[in-house]
Each structure stands twice: as C-alpha cells, then as structure tokens.
There are 2 protein chains.
Amino acid sequence: MVNDHRELRLFLHLAQTLNFGRTSLDCHVSPATLTRTVQRLEAGLGHQLFDRGPRGVSLTAEGHRFRAYAIEALGLWRTYREEHPDPAELTGRLAVFATVTACQALLPDLLAPFRAAHPQVRLDLRTGDAAAALARLDEGEVDAAVAGIPARLPGPLVSRTVAVTELVFVTARDRADAGLDGPFVLPHRGLVREAADRWFRGRGVTPDVAAEPDGHEGLLTLVALGCGTGVVPRLVLDNSAVRDRLTVLPATPPPEPFPIGLCVRRTDLRRPLMSALWSLTGP
Amino acid sequence: MVNDHRELRLFLHLAQTLNFGRTSLDCHVSPATLTRTVQRLEAGLGHQLFDRGPRGVSLTAEGHRFRAYAIEALGLWRTYREEHPDPAELTGRLAVFATVTACQALLPDLLAPFRAAHPQVRLDLRTGDAAAALARLDEGEVDAAVAGIPARLPGPLVSRTVAVTELVFVTARDRADAGLDGPFVLPHRGLVREAADRWFRGRGVTPDVAAEPDGHEGLLTLVALGCGTGVVPRLVLDNSAVRDRLTVLPATPPPEPFPIGLCVRRTDLRRPLMSALWSLTGP
DNA sequence: CTGTGTCTTTCATTTCACGCAACACCCCGC
DNA sequence: GCGGGGTGTTGCGTGAAATGAAAGACACAG
C-alpha cells in the first residue's frame, strides 16, 4: 500500500529534478535504491521512463504519461487520506536525546514547528553527555539525538546538520593574559577533544593538560576556577552560567567549525511521526 | 507497483464475497496471506475495514469508503494500462506439456480462449507420459502441464482441475464375456495404476497382471489384441484409435473418478502471461 | 462432545529490497 | 593523453517482509 506510493513519490521527485543524486539525497534513499526503484517501475510497466544520456536524465514520452498518472493516483490517495486520516499518525511518543547545551540553545527553535504541527505527540527529552548520544540512539532508548555528529556515523544512523558553531579557547577573565601556552582543560573524550588534539598537532605542540573533565559544562566550571584554558563550542560558552567570568582567547588558525546535527535511525524515517520530525526540522 | 494493486484487488474481491475462504480460493492465495494482507491494509490505514463476526464478515463504514477509493484507484490504473499496455505482456513463448490424450481431447477447448486473447504468444506443445509431466514442469522444461494430478503436489506447484473423467475397465470386444476376472493389463505406474490398485484392494482381490505397459495408448493396443482387461480414463478410450475393437465392462463399485488438471509453478502465476493462461483456462 | 465452517496465528522458508562498495562512463582542465 | 570530479549502474551480503502449510481458536449444529 504505502510502499507503492513511496515509489511514485520517488519517481515524481526524480521527474522533477532529473538528477538521481539529488533525489537520492532529498528522499533519503541510496542511489542504488533509487536506480533500482526506477528500474523496477520500468520493468513493471514495460516502458522506459527516463532517457539516461551522458548530459543528464530526461523523461521519455511514456515517462510524461506515467507522470500524469502518478500525480493523479497520488492525489487520489492524498484526498482519501485527508478525509480519513490515520488516527495513530497524529499521536504517539517521541524520545529525544540532547546535550544540556543543545537543550537550552537549539531545541526550542528546532522542535517548535514539529510541536506546532503535532501537539498531541508526547515528547520525552533526555539529556546527557554528548558522547552518549549515539549509543542511546543505537540502543533504541531514544528516537532522535541532537549533538555533535562524527564524520562517520554507525551504519544504521543518519544525520543532518542543524547548526554550526565554532570552537573557542576560553579562560578565566582574570587570567586572560596567560595566552595559549598555559595549562589546558580539555574534554576527556569526544568530538571536541579530537578537534582540539588535531589543532595542537597542527601547530606541532603537545599541550600541558591540567584536567580532563567529562562534560562541557563542568569543563567551563574548572576554567572559571582558573585551572587553565579550555576548548568548547561557542554555543556552550554562550549558554553557560559562568560565562561572565570567562573570556575568549583568539587563536590562529581558529579551530575547525563544529557541526551539530539531528540524528535518527535510518529505518525510523519510514515511521510517519519520525518522517514528520525529520522534514519539519529540515531546511 | 503491481503489488499494491494486488492488495486492492484482494480487498475488493473480499469486499464482494465477504468470505475469506472464497476469495482466497478465487485469487489463488492462501487464507493466511489474505488474512494478513487485510491486516496490513487495516494497520496501514489505521482503520478497521471489516467486521469479523462469527456469522461472517461485513464491511465497516471505513471499509465502504476505502472500497470507493480502491475502485477509483484501480480504475485509474486500468485506464492507464489500457492506453499504455506493456508490450512484453502480449508476446512471449509458453511451453505446455500434455499427454497425447489430453492433447487431442482437452487442449483445443482449454487453450482456445487464451489463444484468442494472445495470438502473438508462441505455444510450444510437448507430449509424453503422464508420469513425466510434473517432472518436466518442476525442472522448468515446460511452463504448464495438463495431466492427471496427484492429490499431493510437490511444494512449488499448483494445479486446478479442468476435467474429470471416470476410470473404466475395458476389454476386447470379442472377449467381452471374460468379465472382471481375467488377466489384467495395468499401467506400469502412475495415477491410474494407483487407483486400480486401490480398487482391487477394496475388493480384496489380487489381480492377475498380464502386462504393464508404459502409456495408456499402448495399453489399449494390448487390450485390443486380447491380452486382458485394461483400466484407463474414459477420455483415453474415447480418443483411442482402437476404440471400435474395445468394449467397456461395468464395474461395481465404479473406480474413483479421475481428475485432470492444469498444473503450473506457483511462482509463475505472477508472470502476466501465466496469470492470463491461468485465468483464461479457469471457470 | 464431535464435526463443520469460519478466520487467525505460528513457524520455517523463500523472496525481496536495501545499502555499501566497486565499477563504468563522461566531461573538463592541464 | 591523463588524472579528477560528477554522473548513474551493478555485485554482493544482509536483514526484513511476505508466503504457505499446518495447527489453533471460535462459534455453531447435530
């Protein structure tokens, strides 16, 4: 039932973009799947739908006719569904994991459209260490996570960047003259630590690490106490309760920007609720 | 694509018969599949479509509305397909196996509607021993077989009875007074032999077997030569070249009727051509 | 309480769709 | 000519989904 309409949707999107890669990205399917979906359609119909030229893709005559059919069929379906919606699609429960900072700084704006569209959905918000986000997601404890996303995700997860913040060096206001030599307070592990390590390595120095706390918030507390210079995403600094006692140290080159993403299990994108979350938090 | 329409077709058929068993038989799916297809539909829509009472099944209000949608959607699809038929569905090649007798007596009438509907399809007709029919089918040498069908088919095959003939005892006209005691000419193996054996066992006698030829036609020749009393489907007798020299001996109780079926591989029923053959040879 | 006609569930099997990765192809700039 | 980025496609292993056979639940009749 629904499956068939997914094929039609893919076809229609492709008929508009005339670009396999683009449709593949927009519709969250691998290029292979898209190719074979179209091949299945063409085989089932017994007609070529697209001309694949080296200059790109174009609709064949049959493709145009089938497009008309697909639009009509999908419209019929949409009409039916509007009049007889699935009551289950508008309710349910969604568990979202976010770091404390993401909670404060990003979630309100990020989730507002979804919240407005589906007010009956109960949102469970879990917070914790950024490093735990993906594990919680993978284990099925939560349905979505907002956190720094590593370049290589575990297989079954997909993510989309929802914000980019820079990494900044920060120290206690009364130690601002210490510069970038003094002892450092670095996260024990995680993406920020890796970025910091890369930055030091790029300058050919080995930092003097004075402390390695677990979370960004705790890190800032140590920095405010004068334990050393810290590295955090600016977003964390801006939302810190101790930001008045801290100051940013300019660094050249500046550390790499730090992307924060919304991450979900790929298979969940088929669930209507998750699909809605994904598209309503998108661009 | 096509899959979805199969679901709609099943639903519409069931909405008309209001009987799972009947629809299951007519549409060549197991009851389990039908049940779950409907369950899938209902789950996908989020609405009950049928009320299952002990007294039978009835459409719910949602069921009626969905039925209207299904009819419309299927009509849209049929219209599209009529205007843009799959050229591959009308051509191709079909290998049919049949016993000599089935060829002569049944195939013309059986295949006429199919032939009329798909004149471009090339029909390859293979003949041979009835016992070989299922083997040829299973090995993929032929696409369909017309022959006596055992009660238990090999897993991947399905059959439908297309004719029923009685088994008759037959002897040479000039030995008609020999009765049912004389020596017998029985097929060496196969369904007729099994039925004959059961008949003898039911009467508690052990037949005096004078010959065990391989095919029914050869058997009749031996009988005509006076070698003994034979057992054959009446259909074979009626189409025999030597029938003028033979006579039927009444037997009580008469041997069990002998069903002749059209048999195909189950998976082939999805191929449009085979599906057409199946439905056009049906009731 | 067995038999009969329903529809559903359990289970093992097969089939199918998917993503990943490798591939083929083309065009472009040097 | 020859890498390099950008197309779309194919080989392959895996995991989910659909299937049929058979057993099960349930109501009802004799």
Looking at [N], I'd like to know if its phosphate oxygens (OP1 or OP2) sit under 4.0 Å from a side-chain N or O belonging to [X].
X	N	result
B:Thr35	C:dC7	no
A:Gln39	D:dT10	yes
A:Asn19	D:dG6	no

Ionic contact status for A:Glu194 with A:Arg189, cut-off 4.0 Å: no
Basic-acidic side-chain contact under 4.0 Å: B:Arg265, B:Asp143: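 Salt bridge present between B:Arg265 and B:Asp143.
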Derivation and outcome, salt bridge (Lys or Arg N to Asp or Glu O under 4.0 Å), residues B:Arg126 and B:Asp124: CA-CA 7 Å; B:Arg126 317 280 299 270; B:Asp124 285 342; over 6 Å; no
The side chain of [X] lies closest to which of these nucleotides: [options]?
X	options	result
A:Ser30	C:dT9, C:dC7, C:dG19	C:dG19
A:Val29	D:dG8, C:dG19, D:dG20	C:dG19
B:Thr37	D:dG8, C:dC7, D:dT19	D:dT19
A:Arg52	D:dT10, D:dT7, D:dT9	D:dT9
A:Arg266	D:dA18, C:dG19, C:dC7	C:dG19

Rounded to whole Å, how long is the line connecting atom [atom1] of [X] with atom [atom2] of [N]?
X	N	atom1	atom2	answer
A:Leu25	C:dG19	CG	P	12 Å
A:Phe20	C:dC23	CZ	P	22 Å
B:Asp4	D:dA17	CG	C1'	15 Å
B:Asp51	C:dC7	CG	P	13 Å
A:Leu157	C:dC20	CG	P	11 Å
B:Arg265	C:dT15	CZ	P	12 Å
B:Leu34	D:dT19	CG	P	10 Å
B:Leu49	C:dC7	CG	P	15 Å

Assess whether side-chain contact (heavy atoms from CB on, under 4.5 Å) is satisfied between A:Leu269 and A:Val158, documenting all intermediate values. CA-CA 9 Å; A:Leu269 284 177; A:Val158 288; 3.9 Å; yes
May I ask you to list the residues of residues 6-15 of chain A, by number, that have any heavy atom positioned under 4.0 Å from an atom of DNA chain C?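 DNA chain C contact set from residues 6-15 of chain A: A:Arg6.
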Would you say A:Glu42's side chain and A:Gln48's backbone share a donor-acceptor pair under 3.5 angstrom?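 The answer is no, because no donor-acceptor pair under 3.5 Å joins these two groups.
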Between A:Phe114 and A:His118, how do the two ring planes meet: parallel, tilted or perpendicular, split at 30° and 60°? tilted
Which of parallel (below 30°), tilted (30 to 60°) and perpendicular (above 60°) describes B:Tyr69 and B:Phe66? tilted
How is A:Gly56 classified with respect to the nucleic acid when contacts are heavy atoms under 4.0 Å: base, sugar-phosphate, or nothing? nothing
Please work out if B:Arg36 contacts a base, only the sugar-phosphate, or nothing of the nucleic acid, heavy-atom cut-off 4.0 Å.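 Counting heavy atoms under 4.0 Å across all strands, the contact made by B:Arg36 includes a base.
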Any ring-ring contact (aromatic ring centres under 6.0 Å, His included) pairs touching residues 23-52 of chain A, not counting sequence neighbours? A:Phe11-A:Phe50, A:His28-A:Trp278
